[in-house]
Amino acid sequence: MLHPLKKRAAVLLAISTVAAALASPVTAAPAAPAPAGAAAQAALRWTGCATPRYPTLQCASLKVPLDHDRPAGRTITLALTRVPHSAKTSQGPLLVNPGGPGGSGRALAGFVASALPKDVAAQYDVIGFDPRGVGKSEPALDCGSGHFTPVRPDSVPQDEATERANLDRVRAFAESCGAKHADVLPHIGTVSAARDIEVLRTALGAERISYFGYSYGTYLGAVYAKLHPGRVHRLVLDSVVDPAGVWYEDNLSQDLAFDARHKAFLAWVAQHDATYRLGTDPAAVETRWYAMRQALRRTPAGGKVGPSELEDTYMPGGYYNGYWPSLAEAFAAYSVKEDPKPLVAAYERFGAVEPSAGNSYSVYTAVQCRDSAWPRDWNEWRADMWRTHAKAPFMTWNNAWYNAPCAFWPTEPLRAPDVTNADLPPALLLQATDDAATPFDGAVSMREKLSGSALVVEEGGGNHGIALSGNKCLDEKVAAYLRTGQAADATCPAQAAPQPTAATRAVPPSAGGAALHGLLGFRG
């Protein structure tokens, strides 16, 4: 559910400095003292990989079984980062995950450690990790290049030829993945990743771990907690996946929510007609947006941006409204000034595929297609998508093709575990009411399944990933929970909508929301 492969408004210092350091580890740093009896601590050798922003950052790697049912068999490697605790008394490890599936978590450790209040961060070893198959973990999946090369066929199959072209693309991707990674694919999935976390806990020498997951990371955390409830110290789940819909039904729900969020963006554009000159009626602005889409079907902007790429470009606005001013400027330039260059620039900034996209998308599909059953009859997909498209035309078909390799996936699906859990300490859930990527009902569903959990609602918020992104009320709830383990239902007001000022054109890397959303994977 989740678009780990797009460029964000955050080609951020928070990412670039970490990435540079992770590529070139520097001087060795001693590991934190292990708890008594933790013989497995020797499995991890932490080395310094400091950055100017994160001067205490450390890196390590961990071998885990490819097949956890054959622990003496082949092993694979997970890449880890850590910001060690500095307080005299530690609450142990706090694992962080950015979602996806397919999102790299190594850069998230430094961000979380720096975004939490100092007294809270000091009590934890904040640990980021690349899940199996992701990023610097080995082997890293890459099922094929060029899958998102523009200009792709129109996502909306208005004729048989367009549908056939899209089907050929997704079938070829699934076949390529099976050919390149046949030995690994049966072991890429949420349950396997959750079992990796238990190996990591043992290697850390920790009796219990805490976990902070965003988006898909909420589901990964819930599955780990189901497998090992007695090993959970704290559990923070932000922007919560509906565990009852994994994954086909969740994507259909997502389509409806993204359409509503896109309409919210267009209504915001209408509110600022003095700047964008696209009209004061949201319905009329929406008509102009779809007229732009139709024009790009005839003549892609810059030879790069057709209707599918246009959807890729505007989908990030459904995740984070800090991108709205830039997206509105590109829309206005094309529609009012007949200038396509800003639209091409917006595509390259928000929608174009990153070099890591092959890996991120490969893991995304491998996890989603393995986790649970998807329809194998394309007629079922077609009927569901046209029915949903009639209500939600913005991204229904785009999302369908993103997930459609699962109709042809070479491994058999598993049964998604029931994450219902009455054996956990209180968990803290956070959710915006108008989140598009993980609609609100999913948080309610998860809260019902995790006995004793508390739900903090960002009333009127529409961003995906809301803690540690500038909402003081939410951040205080998270900090208090990590200090004490006490959690209660609460409501926080949403942050103010962005303003169409020149200052918003380049989102500053220090801005909490922009920094966080540069680290989270789309569609997850």
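Position 1 is the first residue of the sequence; numbering continues from there. Heavy atoms only: backbone and side chains are in, while hydrogens, waters and symmetry mates are out. As the structure is a computational prediction, the values presented were derived from the model and not from experiment.
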Show every donor-acceptor pair shorter than 3.5 Å between a side-chain atom in residues 178-191 and any protein atom, with sequence neighbours excluded, or say none if there are none.
{"from": "Lys180", "atom 1": "NZ", "to": "Asp142", "atom 2": "O", "distance (Å)": "2.8"}
{"from": "His181", "atom 1": "NE2", "to": "Asp142", "atom 2": "N", "distance (Å)": "3.1"}
{"from": "His181", "atom 1": "NE2", "to": "Asp142", "atom 2": "O", "distance (Å)": "3.4"}
{"from": "Asp183", "atom 1": "OD2", "to": "Arg74", "atom 2": "NH1", "distance (Å)": "2.7"}
{"from": "Thr190", "atom 1": "OG1", "to": "Tyr216", "atom 2": "OH", "distance (Å)": "2.7"}
{"from": "Thr190", "atom 1": "OG1", "to": "Asp371", "atom 2": "OD1", "distance (Å)": "3.4"}
{"from": "Thr190", "atom 1": "OG1", "to": "Asp371", "atom 2": "OD2", "distance (Å)": "2.5"}

Contact between Leu278 and Ser335 at the side-chain level, heavy atoms closer than 4.5 Å - yes or no? yes
Are more than 12 heavy atoms from other residues, nucleotides or ligands located less than 6.0 Å from atom CD of Glu338? no
Verify the distance criterion only: is there a donor paired with an acceptor across the side chains of Trp397 and Glu163 at less than 3.5 Å? no
Checking Ser155 against Glu311: is there a side-chain donor and acceptor pair closer than 3.5 Å? yes
Could you check whether any side-chain heavy atom of Val336 comes within less than 4.5 Å of a side-chain heavy atom of Arg288, counting everything from C-beta outward? yes
CG of Leu450 to CG of Leu428, rounded to nearest 0.5 Å, is 11.5 Å
Exam field: side chain Asn321 to backbone Trp324, donor-acceptor pair closer than 3.5 Å: no
Check the orientation of Phe258 and Tyr319. Use parallel for under 30°, tilted for 30 to 60°, and perpendicular for over 60°. tilted
Are Cys492 and Val456 packed together at the side-chain level, in the sense that at least one heavy-atom pair is separated by less than 4.5 angstrom? yes
Do Pro500 and Tyr276 have side chains that approach each other closer than 4.5 Å (heavy atoms only, starting at C-beta)? yes
Hey, does the side chain of Ser362 reach the backbone of Cys143 with a donor-acceptor pair shorter than 3.5 angstrom? yes
Could you please spell out the steps behind the salt bridge (Lys or Arg N to Asp or Glu O under 4.0 Å) verdict for Asp69 and Arg195? CA-CA 10 Å; Asp69 293 331; Arg195 296 178 77 177; 3.2 Å; yes
Going by ring pair (Phe, Tyr, Trp, His ring centres under 6.0 Å), name the residues that satisfy it together with Phe394, two or more places apart in sequence or in a different chain. His262, Trp289
Does the pair Lys304 and Glu348 meet the rule for a salt bridge (Lys or Arg N to Asp or Glu O under 4.0 Å), with working shown? CA-CA 9 Å; Lys304 293 182 178 180; Glu348 291 173 345; 2.4 Å; yes
Looking at side-chain heavy atoms only, is the closest gap between Leu468 and Phe111 below 4.5 Å? yes
Just by distance, do the side chain of Asn359 and the backbone of Gly133 share a donor-acceptor pair under 3.5 Å? yes
Heavy-atom side-chain proximity of Leu343 to Leu310 below 4.5 angstrom: yes
Between Lys136 and Asp130, is the closest basic N to carboxylate O distance under 4.0 Å? no
Pair Arg152, Asp312 - check salt bridge (Lys or Arg N to Asp or Glu O under 4.0 Å), show working. CA-CA 11 Å; Arg152 307 196 308 272; Asp312 294 346; 2.9 Å; yes
Does Arg277 use its side chain to pair, donor to acceptor, with the backbone of Ala332 at less than 3.5 Å? no
Do Thr388 side-chain atoms and Asp384 backbone N/O form a donor-acceptor pair below 3.5 Å? yes
Determine whether Arg261 and Asp435 satisfy the following criterion, salt bridge (Lys or Arg N to Asp or Glu O under 4.0 Å), listing intermediate values before the conclusion. CA-CA 8 Å; Arg261 193 65 183 151; Asp435 184 351; over 6 Å; no
Distance alone, cut at 3.5 Å: any donor-acceptor contact between the side chains of Tyr290 and Gln294? no
Interatomic distance, Asn403 atom CG to Trp247 atom CH2 [nearest 0.5 angstrom]: 10.0 Å
For the backbone of Ala437 and the side chain of Gln254, can you confirm whether one donor and one acceptor N or O come within less than 3.5 Å of each other? yes
For this output row, return yes or no: ring centroids of Phe173 and Phe408 closer than 6.0 angstrom. no
Using a 3.5 Å distance criterion without hydrogens, assess whether the side chain of Asp238 forms a donor-acceptor pair with backbone atoms of Ile466. yes
Between the side chains of Asp242 and Ser445, does any donor sit under 3.5 Å from an acceptor? yes
Closer than 3.5 angstrom, by distance alone: can the side chain of Glu309 be matched with the main-chain N or O of Val151 as a donor-acceptor pair? no
For the residue pair Ser253 and Asp250, confirm or rule out a side-chain donor-acceptor distance under 3.5 Å. no
Could you label the plane-to-plane angle of the Phe265 and Trp268 rings as parallel, tilted or perpendicular, counting under 30° as parallel and over 60° as perpendicular? parallel
Ring centroid separation for Tyr361 and His147, is it under 6.0 angstrom? yes
Considering residues at least two apart in sequence or located in another chain, which fulfil the ring pair (Phe, Tyr, Trp, His ring centres under 6.0 Å) criterion with Tyr224? His228
If you measure from the Lys or Arg side-chain nitrogens to the Asp or Glu carboxylate oxygens, is any gap between Arg164 and Asp168 under 4.0 Å? no
Going through the checks in order, is the ring pair (Phe, Tyr, Trp, His ring centres under 6.0 Å) test met by Tyr323 and Tyr314? CA-CA 9 Å; Tyr323 303 147; Tyr314 280 80; over 10 Å; no
Tell me, do Pro405 and Trp374 make a side-chain contact under 4.5 Å, heavy atoms counted? no
Check whether any side-chain heavy atom of Asn379 lies under 4.5 Å from a side-chain heavy atom of Arg382, and answer yes or no. yes
Going by atom types alone, do Ser326 and Arg349 pair a side-chain donor with an acceptor below 3.5 Å? yes
Does a salt bridge link Asp255 with Lys391, judged by any charged N lying under 4.0 Å from a carboxylate O? no
